[in-house]
Amino acid sequence: MGLLSPVIHQQWEWGPWECRKRKELLLRSGSPSLLPALNSRLPALLLLALDGTLGIAGGKPLQAPRRRPGRDLPAAATAMAQENAAFSPGPEEQPRRRGRQRYVEKDGRCNVQQGNVRETYRYLTDLFTTLVDLQWRLSLLFFVLAYALTWLFFGAIWWLIAYGRGDLEHLEDTAWTPCVNNLNGFVAAFLFSIETETTIGYGHRVITDQCPEGIVLLLLQAILGSMVNAFMVGCMFVKISQPNKRAATLVFSSHAVVSLRDGRLCLMFRVGDLRSSHIVEASIRAKLIRSRQTLEGEFIPLHQTDLSVGFDTGDDRLFLVSPLVISHEIDAASPFWEASRRALERDDFEIVVILEGMVEATGMTCQARSSYLVDEVLWGHRFTSVLTLEDGFYEVDYASFHETFEVPTPSCSARELAEAAARLDAHLYWSIPSRLDEKVEEEGLGEGAGEEAGADKEQNGCLPPPESESKV
């Protein structure tokens, strides 16, 4: 069983045809060095099946058969190696990376569905918002049903009043005073209900003063009809004037880039407004969506982390007249502080950007969203300029809005870049004073040497110093 133990964990199994082919090639080659390779590759069941043919008995190793003359052993080994390479994964072949599910789509739609909501009555407590959030076909269906059912309901009541008073039995009696003149059936009652609720009043069907129950019903229908009009027209007006469509003209760049700005690594993306009516009080935010595990072992899926885009300095407040490049400086407080280019490519995250502001035409708050996955973050790129100066105005070329170009950018992390810059500053700080000290020392040594040389000259026959003359 010693030969079977390494076989069970093999990931690449051969079929009967491949095993038979390799067995014949092994028998022809007569090479003992190739037998362990075959033992480690064959499945356990095939080894047991080939027990008698290849000489496996009681777990003994395979014995090499006699080598036939005229057979080139290196050629056989090369052929087997080529065949094994065809069935084995290459050394440079890497498993395909699984695509990450977006939390927020590129068009801003949140890819989250609410499931197993048991307390559905909560939607009815806010019926107005529920109707506004419905799809257009459902909103139109509720709009038509609200009016049609109201008309039918009150039409049925008008018909019941006429039927109960006996108006339908005295249609030809001119001395009879009905509740509603010229109401001769359910269709006439339905039409009178429409005229009453919509205040059309054609004048052919008129309520008389001899019907107090009809007067009360007329008041109730007028009040309830006004409420239905206000509710349904308000819903349709809010749904039509929703600023969601305004967000369709707020565009984000298709990619985010990482490059140097003022010597520091920055994560950047671009936003723009296609309309001439601007977004008032526009502000930008960025969130990093990434799962994490706490020190206690708690797994937090889709953990949200703020990415600073200038909140402390006020740079997150935008005057969005022309496209702007939003920058997140990768500093010690950034979650990308220790992320190099290679580490960023292996990471799994999503960056959600949110642009908010008020629509200048309506004053309603508008929000536009987009996101960037790992594959949509380009390291060492910069955005192409889209603003040009024309004769008396600036022109924005949105054809180049998503274009980027490569720039020299270090592949190390922002932390390593800051440490290298700190070491360079420290070297310059200590090297400049040391060089100045060396110059001072050299000048001091030169002056001392000059004084000693002058003293030697005086002692060798030159004029004595003034002190020696005074002493004499």
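Computed from a predicted structure; not experimentally measured. Only heavy atoms go into these numbers, but all of them, side chains included; no hydrogens, no water, no symmetry mates. Residue indices begin at 1 and follow the sequence shown.
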### Message
Under the rule for disulfide bond (SG atoms under 2.5 Å apart), what residues qualify as partners of Cys211, not counting sequence neighbours?
### Response
Cys179
### Ser413 side chain near Trp337 side chain, heavy-atom distance below 4.5 Å
no
### Task
Grab the two heavy atoms, one from Arg102 and one from Tyr372, that are nearest each other, plus how far apart they are.
NH1-N, 4.3 Å
### Message
Within the 4.5 Å heavy-atom criterion, are Ile351 and Leu267 side-chain neighbours or not?
### Response
yes
## Note on the structure
In this structure, OG of Ser254 is separated from CZ of Arg270 (nearest 0.5 Å) by 9.5 Å
### Task
Please name the pair of heavy atoms, one in Leu302 and one in Ser291, separated by the smallest distance, quoted to 0.1 Å.
N-OG, 3.2 Å
Would you list the atom pairs, donor with acceptor, under 3.5 Å between side chains in residues 356-365 and any protein atom, with sequence neighbours excluded?
from, atom 1, to, atom 2, distance (Å)
Glu356, OE2, Arg285, NH2, 3.3
Glu356, OE2, Gln367, NE2, 2.5
Glu360, OE1, His278, N, 3.0
Thr362, OG1, Met364, N, 3.4

#### Entry: Phe154 versus Ser193, closest heavy-atom pair with distance
CB-OG, 3.4 Å
### Message
Is it true that, when you exclude Glu406 itself, more than 12 heavy atoms of the residues, nucleotides or ligands shown sit nearer than 6.0 Å to its CD?
### Response
no
### Message
Please determine whether the number of non-hydrogen atoms from other residues, nucleotides or ligands lying under 6.0 Å from atom CZ of Phe393 exceeds 12.
### Response
yes
### Query
Is it true that the side chains of Thr198 and Tyr147 contain a donor and an acceptor less than 3.5 Å apart?
no
### Message
Using side-chain heavy atoms (C-beta onward) and a distance below 4.5 Å, is Leu140 in contact with Val144?
### Response
no
### Over 12 foreign heavy atoms within 6.0 Å of CZ, Arg137
no
#### Entry: Spatial distance of atom CG (Asp315) from atom OG (Ser308) [nearest 0.5 Å]
9.0 Å
### Query
Stepwise, does the side chain to side chain contact (heavy atoms under 4.5 Å, CB included) test hold for Ile326 with Val353?
CA-CA 10 Å; Ile326 311 301; Val353 292; over 6 Å; no
## Note on the structure
Taken in chain and number order and not counting sequence neighbours, the residues that satisfy ring-ring contact (aromatic ring centres under 6.0 Å, His included) with Phe336 are Phe349
### Query
Should Leu191 and His204 be marked as a side chain to side chain contact (heavy atoms under 4.5 Å, CB included) after you check the CA-CA gap, both sets of side-chain angles, and the distance that decides it?
CA-CA 11 Å; Leu191 294 177; His204 182 66; over 6 Å; no
### Task
Name all residues meeting the ring-ring contact (aromatic ring centres under 6.0 Å, His included) criterion together with Tyr398; count only those two or more places apart in sequence or in a different chain, and write none if there are none.
Phe401
#### Entry: CZ-CD1 distance between Arg415 and Ile330, expressed to the nearest 0.5 angstrom
14.5 Å
## Note on the structure
Between Pro410 and Trp379, the two heavy atoms sitting closest are O-NE1, 3.1 Å
### Query
Tell me, do Leu318 and Leu355 make a side-chain contact under 4.5 Å, heavy atoms counted?
yes
### Message
Is there a side-chain contact between Met268 and Ser253 in this structure, where contact means two heavy atoms from C-beta onward sitting under 4.5 Å apart?
### Response
no
### Query
Where do Asp331 and Arg264 land on the side chain to side chain contact (heavy atoms under 4.5 Å, CB included) test, with the steps shown first?
CA-CA 8 Å; Asp331 52 9; Arg264 298 181 180 180; over 6 Å; no
### Message
For a 4.5 angstrom cut-off between non-hydrogen side-chain atoms, does Asp273 reach Arg246?
### Response
yes
### Query
Does CD in Glu281 sit with more than 12 non-hydrogen atoms of other residues, nucleotides or ligands closer than 6.0 Å?
no
### Query
Is any side-chain heavy atom of Lys287 less than 4.5 Å from a side-chain heavy atom of Asp306?
yes
### Query
Name the one of Trp158, Phe186, Tyr202 that satisfies ring pair (Phe, Tyr, Trp, His ring centres under 6.0 Å) with Phe192?
Trp158
### Message
How long is the straight-line distance from NE2 of His381 back to OG1 of Thr409, given to the nearest 0.5 Å?
### Response
8.5 Å
### Message
For Leu250 and Val271: C-alpha separation, side-chain torsions, deciding distance, then whether side chain to side chain contact (heavy atoms under 4.5 Å, CB included) applies.
### Response
CA-CA 7 Å; Leu250 298 174; Val271 297; over 6 Å; no
### Message
Working to the nearest 0.5 angstrom, can you tell me the gap between Gln221 CD and Ser226 OG?
### Response
10.5 Å
### Message
Please determine whether the number of non-hydrogen atoms from other residues, nucleotides or ligands lying under 6.0 Å from atom CZ of Phe299 exceeds 12.
### Response
yes
#### Entry: Any Asp347 side-chain heavy atom under 4.5 Å of Arg290 side chain
yes
### Task
Tell me, please, which residues at least two apart from Tyr163 pass ring-ring contact (aromatic ring centres under 6.0 Å, His included).
Trp159
### Main-chain N/O of Ile161 paired to Glu213 side chain as donor or acceptor, under 3.5 Å
no
### Query
For Asn182 and Ala188, which heavy atoms make the closest approach, and how far apart are they?
O-CB, 4.2 Å
### Message
Checking Phe142 now: which residues fulfil ring-ring contact (aromatic ring centres under 6.0 Å, His included) with it, not counting sequence neighbours?
### Response
none
### Query
Hey, what do you get for CG (Leu260) to CG (Leu265), rounding to the nearest 0.5 Å?
5.0 Å
### Query
Taking all non-hydrogen atoms of both residues, which atom of Val374 and which atom of Glu345 are closest, and how far apart?
CG1-O, 3.9 Å
